[in-house]
Amino acid sequence: MPLPKSNNYTIEDIYSLPDGQRAELIDGQIYDMAPPSPFQQELVMELSATLRDYIKKNSGSCKVYPAPFAVFLNQDDHNYVEPDISVICDPNRINEKGCNGAPDFIIEIVSPSSQRMDYLTKLFKYHTAGVREYWIVNPMKQTVQTYFFGDVEDSNQYSFDDEISVGIYDDLKICIADLLK
């Protein structure tokens, strides 16, 4: 897990990082981000394309944004994240800097160094910020943990071979193993 630095930082500190250095800001703590592996990138591309194609085919209004894409979760200067995939259905949340407020759907691809962050810290932050659906895709275990934070909250774990229903859409199911063939 990335170790937090010990000061209370703001978005201004994120923007003053050296070019190429990626980090997230959660409750005023900076967490450095490791570069993704090729397999993580493949997952991001396939999942993003599947979601985008579904939205286009159904004339949907949501947009898919793969990382790096700035999300100002709480619309304050102490929280800035770059989810692997963000789906945003309210165009008023988007400006030239990124997304202001919670995306509707977030997918994080776990790496060995991000497990604690994705399964604990971000789960709590995304839930309290108003994200409707959150998936944690774990390539090492070939599992997907899903959380739906709608009127009825739900959580399930799936394998890459399972068809997983996307909660924000009634008729979209994704099988990660099929995407990787």
Side-chain angles (χ1 to χ4, degrees), residues 1-37 40-41 43-44 47-48 62-141 143-157 167-168:
M1 174 184 144
L3 295 175
K5 297 179 181 175
S6 61
N7 292 334
N8 193 22
Y9 294 100
T10 67
I11 301 286
E12 193 173 306
D13 295 303
I14 290 290
Y15 283 128
S16 67
L17 291 172
D19 284 346
Q21 182 178 347
R22 290 183 56 214
E24 294 179 306
L25 180 68
I26 298 177
D27 295 330
Q29 296 301 308
I30 290 180
Y31 297 88
D32 292 323
M33 297 171 64
S37 72
Q40 287 173 294
Q41 286 294 86
L43 284 167
V44 167
L47 287 163
S48 295
C62 301
K63 299 283 185 187
V64 180
Y65 297 93
F69 180 73
V71 173
F72 304 92
L73 263 185
N74 301 106
Q75 299 183 54
D76 62 21
D77 66 345
H78 295 287
N79 289 281
Y80 165 98
V81 293
E82 290 185 7
D84 289 312
I85 300 171
S86 300
V87 177
I88 299 149
C89 300
D90 180 355
N92 295 321
R93 290 189 181 167
I94 303 297
N95 67 19
E96 70 283 347
K97 291 188 176 186
C99 177
N100 292 297
D104 294 271
F105 181 22
I106 288 178
I107 299 175
E108 293 285 8
I109 313 296
V110 175
S111 68
S113 65
S114 73
Q115 289 184 76
R116 182 177 173 88
M117 179 71 73
D118 293 335
Y119 282 104
L120 298 173
T121 306
K122 287 186 175 179
L123 171 61
F124 175 77
K125 289 304 291 184
Y126 293 161
H127 182 236
T128 58
V131 171
R132 292 170 42 204
E133 185 167 1
Y134 176 39
W135 286 16
I136 303 170
V137 178
N138 189 325
M140 297 153 300
K141 294 182 180 180
T143 60
V144 179
Q145 186 71 42
T146 65
Y147 298 92
F148 189 72
F149 305 124
D151 294 333
V152 176
E153 293 189 7
D154 193 23
S155 173
N156 291 291
Q157 184 169 315
I168 66 168

Asks: What verdict does the side chain to side chain contact (heavy atoms under 4.5 Å, CB included) test give for T143 and N138, after you've listed the backbone C-alpha separation in whole Å, the side-chain angles of each residue and the deciding distance to 0.1 Å?
Replies: CA-CA 5 Å; T143 60; N138 189 325; 3.6 Å; yes
Asks: Are D27 and N79 close enough that some pair of their side-chain heavy atoms sits under 4.5 Å apart?
Replies: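 The answer is yes; the side chains approach within 4.5 Å.
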Asks: Test side chain to side chain donor-acceptor pair (under 3.5 Å) on S155 and Q145 and set out the steps.
Replies: CA-CA 7 Å; S155 173; Q145 186 71 42; 2.8 Å; yes
Asks: Without swapping roles, check the side chain of H78 against the backbone of I26 for a donor-acceptor pair under 3.5 Å.
Replies: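 Absent.
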Asks: Could you tell me which residues satisfy salt bridge (charged side-chain N to carboxylate O under 4.0 Å, His left out) with D77, sequence neighbours excluded, listed by chain and number?
Replies: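 Expected list: none.
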Asks: With the side chain counted from C-beta on, respond yes when L73 and K125 share a heavy-atom pair under 4.5 Å apart, and no when they do not.
Replies: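 Counting from C-beta outward, L73 and K125 do come under 4.5 Å.
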Asks: Between E133 (side chain) and T146 (backbone), is there a donor-acceptor pair under 3.5 Å?
Replies: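 No.
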Asks: Less than 4.5 Å apart, any side-chain heavy atom of P36 and any of R22?
Replies: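 Heavy-atom side-chain distance check passes, below 4.5 Å.
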Asks: Once the angle between the rings of H127 and F149 is folded into 0 to 90°, is it parallel (under 30°), tilted (30 to 60°) or perpendicular (over 60°)?
Replies: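 Judged by the thresholds at 30° and 60°, the geometry between H127 and F149 is tilted.
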Asks: Run the side-chain donor-acceptor check on residues 85-94: report pairs under 3.5 Å with partners two or more places apart or on a different chain.
Replies:
from, atom 1, to, atom 2, distance (Å)
D90, OD1, N92, N, 2.9
D90, OD1, N92, ND2, 3.4
R93, NH1, A102, O, 2.2

Asks: May I have the list of side-chain donor-acceptor pairs in residues 12-20 shorter than 3.5 Å, sequence neighbours left out?
Replies:
from, atom 1, to, atom 2, distance (Å)
D13, OD2, T10, N, 2.9
S16, OG, E12, O, 3.4
S16, OG, D13, O, 3.0

Asks: Going by ring pair (Phe, Tyr, Trp, His ring centres under 6.0 Å), Y126 matches just one of F105, Y134, Y147. Which one?
Replies: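 For Y126, the ring pair (Phe, Tyr, Trp, His ring centres under 6.0 Å) check succeeds only for Y134.
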Asks: Which heavy atom in Q21 sits nearest to a heavy atom in D32, and how many Å separate them?
Replies: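 Taking every non-hydrogen atom into account, NE2-OD1, 3.2 Å.
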Asks: Would you call E108 and M117 a side-chain contact if the rule is heavy atoms closer than 4.5 Å?
Replies: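 They are not in contact (no side-chain heavy atoms under 4.5 Å apart), so the answer is no.
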